[in-house]
Structures are given as structure tokens and as C-alpha cells.
There are 2 protein chains.
Amino acid sequence: MKSAVQTKDTREAILDATDMLLARYGYKKMTIDDLAQEVGIGKGSVYLHFPSKEEIALSQIDRIIERLKSKLRTISNGSAAPDKRLREMLIERVMFRFDSVNHYSQSLNEMLSYLRPKLLQRRKRYFDEEARIFSEVIADGQKTKAFVAGDPFDLAQTLVTATNALLPYSLSAFELGDRKDVAERTKKTADLLINGLKK
Amino acid sequence: MKSAVQTKDTREAILDATDMLLARYGYKKMTIDDLAQEVGIGKGSVYLHFPSKEEIALSQIDRIIERLKSKLRTISNGSAAPDKRLREMLIERVMFRFDSVNHYSQSLNEMLSYLRPKLLQRRKRYFDEEARIFSEVIADGQKTKAFVAGDPFDLAQTLVTATNALLPYSLSAFELGDRKDVAERTKKTADLLINGLKK
DNA sequence: CCAATGACCCAAATGGTCTTATGGTCATAA
DNA sequence: TTATGACCATAAGACCATTTGGGTCATTGG
């Protein structure tokens, strides 16, 4: 990875290195110099791809969510019954995040202390975008009268809110508890919520 | 309030003063001297009631939760139908906290940074205790076949988890959003959850 | 000519030193 | 016996010099 990048897009390489260095050093301690060296480029070249250190870290978080959304869309577009799809999506939204930041250990809260306002904004955006994907499945379920009536997006936002406490955010993955336990709590919450949609 | 305390229990007076000073100065800036003066006692007398500064702040948080639990019990023991009681309790658990710490503005997260491990522990305990009160109402609803079968405490914990993201914790009341908005989101979440219990 | 580079700039961070403040203790007085 | 505030030790803050690191840009090589 320290050799000049030839087989991989530089922007992605920077984000990969960011992922690793955030986990190792946290936001504050991670330097652009370290990053450049890790990628095998000059320090100034980093700024050809990202306007600031802050934006690099935020873009890494964005990337995690983009990957999640892609997974949610795959499930959403599947052929299972809408309630089964919803359940799988709720679980995925929690567990994918958990696994994506699990190696960040204590550094998640540290990042929050530096990037709080912008992270909060993005967080709101992420939830909106996720809810949009969820709402499509809800609308599906409503067409066949399997789900209650109501604005699909509104209902989706409720699903999102109800599972938000299970996400690693200010609580690190470590603080959230054992992975198995988080998964279990997520399933139970999802089941109750979907059951509520069915009436 | 600066006069010697005669008509009010000293411990309560200390906690009242803590509530006010936490809101004004935050945890770090609040001094035991300020506290003692606010109550009208000597600085050393504070330590007759609390072992440490840390414990004073934690006890104030405990007190908020005790008041909440009292309110939850009142609702729980009411004569309304179980689903109506549950709904009211879920809303109360969110809004009572919101209102109790709303005047803390930015200082909630500051407190968290100093008291994190102990706050997390207590937080777990609070949730357990709340879930116990909820489980009684769930058991009530199960007796009349109005609610689904299952361990009442387990189901109650799910209700608690599903509304946890709405509580002010690392997100201040300010960051959680407009009070009206929080209440609205809480109601929608409660409705969906209770609907899920009814099947 | 254009993109990559690393030297440069400057504000922020850090480390060292001294001073002050504060949590907690305890001798004293009521 | 209990309340008090002076005392103590350590932590925190202020100050200053030095170093560091985010961001910029003049230079070079392809």
C-alpha cells in the first residue's frame, strides 16, 4: 500500500488509509502527512481530492453510509415479502454500522467532539436517505393491504427513529455492548415495529 | 435561598443548587464553594451528604429519574386501558427528561465527558427500572389478551430501546430539536410500538 | 502545459515553568 | 457532636518559547 498507487483510485486509497488511521490514532492525532505516506503520494496531492482534513474524515463516514444504502437497496429490490425485507433492512442498518466502526474503539466519540455540528447535519441527511429507501418497501406493503395506511416516508422515519439508539454514535460499538446482544435487541425491536405496521 | 436552610432538607437543597449551577456553569466550572454558598452552608458540610463532587452531579441525575419513575408509576396504576397507559408512559419517559434537562443547554455533553463510565452504568440501571414499571402494564394487557404473548420485561425493554434515541443524552435537548417535534416523533413511535404489541 | 511534490508559512498545539484554584480533609469552635 | 472554613496537595490555568501540522504554492518532471 505504500507503493505508488496504480491499481486503485487515489481518492478511494485516501479513504482506505483514513479508515485505518482513524481507528489507530483517532481524528486529532491522524495527520495529513501520515495519510499521504500511507497512500504513497505527496502531501499536497491529498488536497487535490479533499478540501480539508475535516472533509476527509466526513467523507469516510459518508462512504460507509453509501455502502450501507447500497445494501439496503439490494434488499429493498429483493423478491421477499415486504415485511421480511423491512426486517432485514432494519437489522442491516444497525449491524452494518456496528461492523463498520467496530475497529474505531474509543475514537468515535473523539471524532464527534471535533466534528459535531457537521456530523449532526450529515446524520440527519443519512437518516432521511435511509428512510426513503425504507418507504419504498412500506409503500409496497401498503399496495397489498399488508401494512397500515399512512405516509410511507413518515412511517419509515419512525422505523429509523426507533432503531437509532442501537447505532454506534456517541456510544462506541464497545459501549453499545456485545455484537450478539446488539443484534438480538435489534431483531426484537424490528419485530415489534413491523408487527405494528401490519395492523 | 442564600439564607441558612431551615425549611428544607439540606440534601435536597444541595441538589436544587446543583441543578441550577450545572445549567449555568456546567460540571467542570461548578465549584463546591459556589454550591455551599448557594445553599447557605459551609463547604465542608456538603461532604456530610455526598462523598464527592462527582457523586453530587450523579445524584442530581438520579433524582430526575426517581421523579420520572414516580410519574410512570402513577400512570401505570391508573385505570385507563393498558395500551393507553403505555402510550402515556412512553411519552412521559421522553418528555419528562427533555423538560428536566432542557435548561442544561450545552452542558449535558460536557457532563458526559467527565462522568462517562458512571453515567453509562446508571443509564443502564435507569432503563432496567423503567422497563420494570412498563412490564407491569404489559402483563396487565396480556391478561386480557389485548397484547401479544411473551416475557413482559423483555417486551418492555424493547419499548425502552425503541424510544431511547429520543432521549437527551449526548445530544442535548437543543440538538434533539424543537420540543414539539420531539413530542411528535415520540407519539408516532409509541403508536407504532403499541400497535405491534396488540397483534 | 499540467499534475505531483515537498518546502514553506503561520496559526495552533505542545511542553516547561510558575501561579492559582479547587476538591477534599480536619482542627477548632460553638 | 456537628458545622465550619483554614489548610493541603494536586490539578488546572496562565505565560512563554518551541514545535507541529493543515493548508498553500513555487518548482520540477513527465
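Chain letters run A, B, ... following the sequence lines, proteins first and then strands; every chain starts at 1. No hydrogens, no waters, no symmetry mates; every other heavy atom, side chains included, goes into these values.
Summarising the geometry, the separation between CG on B:Asp34 and P on D:dG5 is reported as 15 Å, rounded to the nearest angstrom. Look at CG on B:Leu115: it is 14 Å from C1' on C:dG23, rounded to the nearest Å. Summarising the geometry, the separation between NZ on B:Lys28 and C1' on C:dA21 is reported as 12 Å, rounded to the nearest angstrom. Counting to the nearest Å, the C1' atom of D:dT24 and the NE2 atom of A:His49 are 17 Å from each other. A straight line from CD1 of B:Ile32 to C1' of C:dA21 spans 13 Å, rounded to a whole angstrom. For A:Ile14 and C:dA4, the CD1 to P distance is 10 Å, given to the nearest whole Å. Remark: C1' of D:dG21 and CD of A:Glu54 are 15 Å apart, rounded to the nearest angstrom. Summarising the geometry, the separation between CG on B:Asp33 and P on C:dT25 is reported as 16 Å, rounded to the nearest angstrom.
Residue A:Ser45 is classed as a base contact, given a heavy-atom separation below 4.0 Å to a base. Contact annotation for A:Lys53: backbone-only contact, meaning every heavy-atom pair under 4.0 Å involves sugar-phosphate atoms and none involves a base.
Residues B:Leu108 and B:Pro168 form a side-chain contact, since some pair of their non-hydrogen atoms from C-beta on lies under 4.5 Å apart.
Partners of A:Tyr47 under the side-chain contact (heavy atoms from CB on, under 4.5 Å) rule, at least two apart in sequence or in another chain, are A:Ile32. Under the rule for a ring-ring contact (aromatic ring centres under 6.0 Å, His included), A:Phe153 has no partner lying at least two apart in sequence or in another chain.
With hydrogens and angles ignored, no donor-acceptor pair under 3.5 angstrom links the side chain of A:Lys43 to the base of D:dG21.
Both A:Lys29 and A:Leu48 lie close to DNA chain C; mapped to their nearest nucleotides by heavy-atom distance, the more 5′-ward contact belongs to A:Leu48.
Distance alone, capped at 3.5 Å, places no donor-acceptor pair between the A:Glu92 side chain and the A:Leu68 backbone.
For the pair B:Lys53 and B:Tyr114, the cation does not sit on the ring face, since its NZ or CZ is not both under 6.0 Å from the ring centre and inside 45° of the axis.
Of the charged side-chain nitrogens involved, at least one lies within less than 4.0 Å of a carboxylate oxygen, so that A:Arg185 and A:Asp181 count as a salt-bridged pair.
Between its two ends, the helix from C:dC1-D:dG30 to C:dA30-D:dT1 turns its axis by 30°, counting five pairs per end and rounding to 10 degrees.
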After noting the C-alpha distance and the side-chain angles of A:Asn164 and A:Leu167, does the key distance pass the side-chain contact (heavy atoms from CB on, under 4.5 Å) rule? CA-CA 5 Å; A:Asn164 276 348; A:Leu167 306 183; 3.5 Å; yes
